[in-house]
Structure formats: C-alpha cells, structure tokens
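Structure first, then comments.
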Number of protein chains: 2
Amino acid sequence: MFQALADPNRRQMVQRLCEGPASVSELAQPLQMTLSAVVQHLAVLEGAGLVRSQKIGRVRTCQLDTQALRAAERWISERRALWERRFDRLGAFLAEQDQNLKEEGGA
Amino acid sequence: MFQALADPNRRQMVQRLCEGPASVSELAQPLQMTLSAVVQHLAVLEGAGLVRSQKIGRVRTCQLDTQALRAAERWISERRALWERRFDRLGAFLAEQDQNLKEEGGA
DNA sequence: GCAATACTTAAGCGCATGCTTCACCAACCA
DNA sequence: TGGTTGGTGAAGCATGCGCTTAAGTATTGC
C-alpha cells in the first residue's frame, strides 16, 4: 500500500486517475516510459487495491478505488492522533508541574 | 516520505515512537536485526522528516515529528476527496438523467 | 483478409535497498 | 583504570525494483 505510493510515477498515475477513469495508454502518455513499464506499475497499484480496471474490447479502463486510500489515511491519522494526544498530556503535565512550583513558591 | 513508510520495520518503529520517545536500542529491541540496521532505518525516517533525534551522553533519543505525517495525510485525503467529489457529480448526473427520462415518459 | 492499435508477457539488466559483519569511539561505572 | 554499554561508519552481499527490449495476442477498421 505505502509501497505502492512510494514511487513518484505511480503517484502521478493516481493523480491522473483522480480526474477520472483512463485507459492504459492515456495513463502512459504523460510518463516518459514504455507502455510495458506502465502496465507493471498498474499491476502494483491494482495489487495494493488502489486501482480497479476492466477490459472492454482491446482497451483496459482503470479507475481509482478509494478503499485502500482510506485505509492508508486512517493508519496515518491514528498514529498522528496517538502521538499528539501524548504530546498534549505532556503539555498538561508540564503546566501542572509549573502550577505546583508556583504554589510552592507562594506558600 | 511514502518511501520511508513503505518498509514494515520502519512502520513498526513509527508505531513504537507513537507511544513516546525511545533510544535507539529500545527501538531495536522488538526487531530481529542488528543495531546497525536499525540505525540505517532511523536515518531514512529522519531523512523523511518523520523522526527527530538528539544525542545526550552516549544515548540517542528519538521522537516522532508529526509534520511529515500530516503532509502525507493531506496528500491522500486531497486525492481521495477529488475522486469522491467526481463520483458524486457522476451520481448526480445519472440521477438527473433518470429524472429527465421519467419526465419525458410522463409528458 | 490485412494492417494498425492496444495491450500482454517474458527475459534481462543496472541500480537501490535491507541487511550483516567488523572495527571503532565515547560515555558510564565498578 | 579497565570493562561494559550504546552507538557509529564502512564495506560487502543478496534481493527486489524499475525499466527496456522483443516477441506475441486479441480487437478494430478499411
């Protein structure tokens, strides 16, 4: 999943697919590489569940599947929240300590 | 950034760091690999801006930096939103078409 | 039917990655 | 002071990844 998004060319393909479905050659057009290479990238994206595709006649049409994107987003946001919550608690703790010091100073 | 999160061992290190700062050997402990390897992974995470660390005495303490996580999260959610908006418009369009058909049928 | 189109598949190549070992240094502590 | 702990750096190796070429297959249009 993250592996699939790690490559800039694949991210560009995802970017393109955000704007709507595309055939393999449409995906290949802005990229400076063989159709073969594009197909291989596509296989990785499909493997990661990021893209679905179906072949009609001789043209394969691809589109984004947001399920996997959602999963990745969740993974990140969970971890970020976890850490930030900890950070907040630390802040609260420090503030409390600070308060205690002041009170001791006052007494 | 995604590259850095692509490796499961590095994700595990991030996971560990969510629960608070840790030394290099603490990070290494649950992983079945040399300290050397862990340091190398750490370098990647630091390179991606995911982790900051400082050395006090002979122990290096690492902690998460959520800035990069936030950036990754934003990248994903922007793309997801883009695609889902498109999807909604398509839904609206189809519904409208459907409505038009009904009206024509009624007229 | 024949050529062009739109992929598909397999083989191979070079470079990046992930890991190990080994040697080393800097703190800590008994 | 000398051994142990915690980390660093370089070298080397195996594997995986991204890409290309080349040959093949299935549709489509004339």
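Since the structure is predicted, the reported quantities are computational estimates derived from the model, not experimental observations. Protein chains get the first letters and strands the later ones, always in sequence-line order, with residue 1 at the start of each.
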- Query: Are B/Arg11 and A/Trp75 side-chain neighbours, meaning at least one heavy-atom pair lies under 4.5 Å?
  - Reply: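 Side-chain contact under 4.5 Å: yes.
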- Min side-chain heavy-atom separation A/Gln3-B/Pro8 under 4.5 Å: no
- For A/Asp65 and A/Gly49 the tightest heavy-atom approach is CB-O, 3.6 Å
- Note on the structure: Sorted by number, residues from residues 30-41 of chain A placing a heavy atom under 4.0 Å from DNA chain C are A/Leu35, A/Ser36
- Contact list for DNA chain C against residues 2-15 of chain A - heavy-atom distance below 4.0 Å: none
- Is it true that the NZ or CZ of A/Arg79 lies under 6.0 Å from the centre of A/Trp83's six-membered ring and within 45 degrees of the ring axis? no
- Message: Distance check needed: D/dC19 C1' versus A/Leu42 CG, whole Å only.
- Response: 16 Å
- Task: Let me know the distance between CD of B/Gln54 and C1' of D/dG7, rounded to the nearest Å.
- Result: 15 Å
Taking OP1 and OP2 of [N], is either one under 4.0 Å from a side-chain nitrogen or oxygen of [X]?
X	N	answer
A/Lys55	C/dT8	yes
B/Ser23	D/dG6	no
B/Ser25	D/dT5	no

- Out of C/dA27, C/dC7, D/dG7, which nucleotide sits closest to the side chain of B/Arg58?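 Looking only at side-chain atoms, B/Arg58 lies closest to C/dA27.
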Within this structure, what is the [atom1]-[atom2] distance for the pair [X] and [Y], rounded to the nearest 0.5 Å?
X	Y	atom1	atom2	answer
A/Ser77	A/Arg70	OG	CZ	12.0 Å
A/Leu42	A/Leu35	CG	CG	10.0 Å
A/Leu5	B/Met1	CG	CE	10.5 Å

- Message: Hydrogens and angles aside, do B/Arg60 and B/Ser53 bring a side-chain donor and acceptor to less than 3.5 Å of each other?
- Response: yes
